[in-house]
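Because the structure is a prediction, the values reported are computed rather than measured. Just so we're on the same page: letters track the sequence lines, and every chain starts at 1.
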There are 2 protein chains.
Amino acid sequence: MHYKKSHILILNNVSRFIDLTELEKQKYLSLLTEISVKRKAFLMQAGDIASYEYFITKGCLKVYTLDDDGAPHISMFAVEDYWTGDMASFMTKEPTRYFIKATEDSELLGISRANYELLFQEIPKFERFYRMLYQKSLISYIRRSNHGISLTAEERYIEFKTKYPNIVNRITQKDLAGYIGITPEFMSKIITKVNRR
Amino acid sequence: MHYKKSHILILNNVSRFIDLTELEKQKYLSLLTEISVKRKAFLMQAGDIASYEYFITKGCLKVYTLDDDGAPHISMFAVEDYWTGDMASFMTKEPTRYFIKATEDSELLGISRANYELLFQEIPKFERFYRMLYQKSLISYIRRSNHGISLTAEERYIEFKTKYPNIVNRITQKDLAGYIGITPEFMSKIITKVNRR
DNA sequence: GAAAAAAAATGAACTAGTTTAAGACTTTTA
DNA sequence: TAAAAGTCTTAAACTAGTTCATTTTTTTTC
């Protein structure tokens, strides 16, 4: 059996934690929906109810909220091989406070709420997959937010650049500022300063 | 069958997500270890390898790291009905960077790494329990860190006080500062200011 | 490929939070 | 129950990051 590129990518991702038989692979893939988003288009907007969780097979998207002053706070950049969505809204069916906007033409595989539930019934192994996926996300989330707290903005910038060299040059400086948690003006100052060295 | 108080507490916690038979309950409880920590004693110290995950049945503990300047950053206060530990170290067997110190005499139920693995073999339902527990933690973690970013220290203080009125008066102002992410001096100013209203 | 829109740079005035230091108050311990 | 240790308060000088306003550069769009 040979699969299309996007399917190979997601099956590989899943195989980090669980082994699937050919039949299970096909069953799993049949529960997914292919989605395309053009650059600047929204995959999700505040007020929507998240009815999918997404896996990115191509492109780049930014996940962000707007604070009371309308300033964007970017919580992640999602590129190939990343999972994204708003799990809170997906689980509770409450409206999301997030925007997810493509910064490049992107391709995704989505799983709907109904199929997500079905998945656990059909292939209980997926409880384990998600248990381990969430565990890993939780670990890196905790690590990031704990580590970030004691660093200056400049240190956080250098860290991001070192950790995600492939992402840095795919996003604007303004969006990076929104992720680092500072104003674009201060981001500009930091970059000038760091490059001067 | 009647259980001791601490066992009722943890079974209740588990039953939020999965139903266990009497036999499964007893099996589960048999995999747990009872642990007592005196006030000011450490449950975990940086450099240790976390060999347990903990459920608190009585008391209060603070979970924190020390930054390069030796300043404490408190990531959570764990009280009755909370889970705590360092999942990263528990999973990877790498040394932890956390300290967990009891701020009151405390009682916990611990699950060892070996028993945690065993649990999934013996009662596969627990994959689901942990999947849902981690999912829920992830949601509140993301919510907290995203929400916190746009608030001033004063707003974060008021929010904490409103959300956890029962915790505020069990901890020192200094520890609260370490949690809010400010100096004890500034915490003192904020409290004076807020109370003056 | 010109016009419009968005992003980036620069600088001056400002503010939330830090640092340092010292004294008052509380809690712990012997 | 006295001494020691830790916590809280106050205040002045300081700094990382913001705000606002303007100009330059880059990207997008028709």
Please answer: with hydrophobic residues joined when any side-chain heavy atoms are less than 4.5 Å apart, are B/Tyr164 and B/Tyr64 in the same cluster? yes
More 5' along DNA chain D: B/Met187 or B/Lys40, using each one's nearest nucleotide? B/Lys40
Taking the inter-plane angle between the rings of B/Phe120 and B/Tyr130 on a 0 to 90° scale, is it parallel (under 30°), tilted (30 to 60°) or perpendicular (over 60°)? perpendicular
With a non-hydrogen cut-off below 4.0 angstrom, is A/Thr183 in contact with a base, only sugar-phosphate, or nothing? base
Quick one: are the ring centres of B/Phe160 and B/Tyr179 less than 6.0 Å apart? yes
With the threshold set at under 4.0 Å for non-hydrogen atoms, list the residues of residues 169-181 of chain B touching DNA chain C in residue-number order. B/Gly181
Side-chain atoms of B/Arg39 come closest, of C/dT27, D/dA21, D/dA11, to C/dT27
Evaluate the ring planes of A/Tyr141 and B/Tyr141, with Trp represented by its six-membered ring, and classify them as parallel (under 30°), tilted (30 to 60°) or perpendicular (over 60°). perpendicular
Do A/Arg113 and A/Phe90 form a cation-pi contact, if we require the NZ or CZ to be under 6.0 Å from the six-membered ring centre and within 45 degrees of the ring's axis? yes
Against the side chain of B/Arg156, the closest entry in C/dG17, D/dT28, C/dT10 is C/dG17
Proximity to the side chain of A/Phe186 - top-ranked nucleotide from D/dA12, D/dG17, D/dA21: D/dG17
Does a side chain donor of either A/Glu159 or A/Thr162 reach within less than 3.5 Å of an acceptor in the other side chain? no
Return the nearest nucleotide to the side chain of B/Ala153; candidates are D/dG17, D/dC20, C/dG17. C/dG17
Under 6.0 Å between the ring centres of B/Phe77 and B/Tyr82? no
Could A/Arg170 and A/Glu80 be called an ion pair, given the rule that one side-chain N must be under 4.0 Å from one carboxylate O? yes
Net bend of the helix from C/dG1-D/dC30 to C/dA30-D/dT1, end axes of five pairs each, nearest 10 degrees: 70°
B/Ile182 side chain, from C-beta outward: closest of C/dG17, C/dT29, D/dT28: C/dG17
Using OP1 and OP2 only, check whether a side-chain N or O of A/Ser188 sits under 4.0 Å from C/dA9. yes
Do A/Glu107 and A/Ser36 have side-chain atoms, one donor and one acceptor, less than 3.5 Å apart? yes
